[in-house]
Amino acid sequence: MRKVSVLIPTYNRHHALAVTLTSLCFQDYTDFDVIVSDQSEKDCHDASLETVIRLLRNKGHSVRLFRNLPPRGMAQQRQFLLELSQSPFSLFLDDDLILESYVIRNLLKVLEEERCGFVGNAVIGLSYVDNVRPDQQHIEFWNERVRPEAVVPGGGKWDRHKLHNAANLYHVQMKMNVSPEHPLKYKVAWIGGCVMYDTIKLKEAGGFGFWRELPVKHCGEDVLVQLRVARLFGGCGLIPSGAYHQELQTTVPDREINAPEYLSI
């Protein structure tokens, strides 16, 4: 059993997934395995993807790929992955990211130190690097230990999510000259794309078991989980982030049913 399981849900993105997995090959921290749950319309034997899987295995990482069909929504997809994780820490990673080498190391270090429910790296869209938005760059740091807190959609803490738009986080961390060797914890509403959980705490908060209460077409399942985990155990974001978005078109275009609004927190 590895200390960290990297859990990746994917759908019709084999090329992007290959890029994401490549960045895992060169992480400073190496005690992790990889589990991929694929709901693609067809099983694609992509040479680039197969090559990087061989490289990860050659470096000593277990890589397991599962076909999770028929699709029953993103919450079920994430619950499926969570149930496969046997590690004390579970990193949910989107299939269209590129990670700096320090990402897993820093997430794990802070999560172990703080003993909170989750720690995440919000994703940065580098196409917005010249789009500076000072009005969206407010950041609140945890200057003490991360504590449980209640965050609700539309509440006073909800506007924190604006920091994660475009390249706002990149501009903040560059302006502050934050080093990966000395990351800073900050307060979040929620984080998308790259979030490490204490596996036991995530399961104690119910995980994504609410998938049965949602229509197949929904969004916000990761938001709802983080709100529930934060209420019980706390959670935080880290800068510098080190997670970059490949900026592909979303695979969840129907966003009418938003889990935090549809279900109670």
Do [X] and [Y] have a side chain donor and acceptor closer than 3.5 Å?
{"X": "Ser62", "Y": "Asp33", "answer": "no"}
{"X": "Gln39", "Y": "Asn12", "answer": "no"}
{"X": "Glu213", "Y": "Tyr262", "answer": "no"}
{"X": "Thr199", "Y": "Ser90", "answer": "yes"}
{"X": "Ser101", "Y": "Gln27", "answer": "no"}
{"X": "Asp95", "Y": "His14", "answer": "no"}

Please step through side-chain contact (heavy atoms from CB on, under 4.5 Å) for the pair Tyr11 and Asn68, ending with a clear verdict.
-> CA-CA 10 Å; Tyr11 173 74; Asn68 178 24; over 6 Å; no
From CA spacing to verdict: side-chain contact (heavy atoms from CB on, under 4.5 Å), Ile35, Ile8 | CA-CA 6 Å; Ile35 306 173; Ile8 307 177; over 6 Å; no
I'd like to know if the side chain of [X] and the backbone of [Y] have a donor-acceptor N/O pair within less than 3.5 Å.
{"X": "Gln246", "Y": "Ile98", "value": "no"}
{"X": "His171", "Y": "Val129", "value": "yes"}
{"X": "Glu114", "Y": "Val146", "value": "yes"}
{"X": "Glu247", "Y": "Leu126", "value": "yes"}
{"X": "Arg212", "Y": "Gln76", "value": "no"}
{"X": "Arg57", "Y": "Val63", "value": "yes"}
{"X": "Asp46", "Y": "His15", "value": "no"}
{"X": "Ser85", "Y": "Leu81", "value": "no"}

Kindly indicate whether the side chain of [X], heavy atoms from C-beta on, has any atom under 4.5 Å from the side chain of [Y].
{"X": "Leu93", "Y": "Leu99", "result": "yes"}
{"X": "Leu7", "Y": "Leu91", "result": "no"}
{"X": "Asn177", "Y": "Ser179", "result": "no"}
{"X": "Val34", "Y": "Leu24", "result": "yes"}
{"X": "Val123", "Y": "Leu97", "result": "yes"}
{"X": "Val252", "Y": "Arg255", "result": "yes"}
{"X": "Asp198", "Y": "Phe89", "result": "yes"}
{"X": "Val52", "Y": "Cys25", "result": "yes"}

Ionic contact status for Lys157 with Glu149, cut-off 4.0 Å =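 Salt bridge flag = yes for Lys157 with Glu149.
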Can a salt bridge be assigned to the pair Arg78 and Asp94 using a cut-off of 4.0 Å between side-chain N and carboxylate O?
->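 Result for this pair is yes, salt bridge flagged.
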So which pairs with a foot in residues 209-257 pass ring-ring contact (aromatic ring centres under 6.0 Å, His included), sequence neighbours left out?
->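 Output for this query is empty, none listed.
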Exercise: identify the closest heavy-atom pair between Val103 and Gly242 |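 What the structure gives for the nearest pair is CG2-O, 3.3 Å.
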Measure across Asn106 and Pro183 and return the closest heavy-atom pair with its distance rounded to 0.1 Å.
->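 Closest approach of Asn106 to Pro183: ND2-CG, 3.9 Å.
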Verify side-chain contact (heavy atoms from CB on, under 4.5 Å) between Asp222 and Phe92, making sure each step is shown before the conclusion.
-> CA-CA 9 Å; Asp222 51 344; Phe92 275 92; over 6 Å; no
Residues Val152, Arg231; criterion side-chain contact (heavy atoms from CB on, under 4.5 Å); working and verdict = CA-CA 10 Å; Val152 296; Arg231 185 185 292 267; 4.1 Å; yes
Which is it for Asp28 and Arg105 under the salt bridge (charged side-chain N to carboxylate O under 4.0 Å, His left out) test, yes or no, and what are the steps along the way?
-> CA-CA 6 Å; Asp28 295 341; Arg105 177 206 353 136; 2.7 Å; yes
Atom [atom1] in [X], atom [atom2] in [Y]: separation rounded to 0.5 Å?
{"X": "Asp38", "Y": "Leu69", "atom1": "CG", "atom2": "CG", "answer": "7.5 Å"}
{"X": "Thr30", "Y": "Ile104", "atom1": "OG1", "atom2": "CD1", "answer": "9.5 Å"}
{"X": "Ile124", "Y": "Ser241", "atom1": "CD1", "atom2": "OG", "answer": "4.5 Å"}
{"X": "Gln86", "Y": "Met1", "atom1": "CD", "atom2": "CE", "answer": "7.5 Å"}

Just say parallel, tilted or perpendicular for the rings of His164 and Tyr186, cut-offs at 30° and 60°.
->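 His164 vs Tyr186 ring planes: perpendicular.
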Just say parallel, tilted or perpendicular for the rings of Phe118 and Tyr197, cut-offs at 30° and 60°.
->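 It falls in the tilted class, 30° to 60°.
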Could you walk me through whether Glu140 and Arg160 pass the salt bridge (charged side-chain N to carboxylate O under 4.0 Å, His left out) check?
-> CA-CA 8 Å; Glu140 303 172 68; Arg160 294 173 181 172; 3.2 Å; yes
Glu204 and Arg228: CA distance, side-chain angles, deciding distance, salt bridge (charged side-chain N to carboxylate O under 4.0 Å, His left out) verdict | CA-CA 10 Å; Glu204 286 181 358; Arg228 290 180 172 180; over 6 Å; no
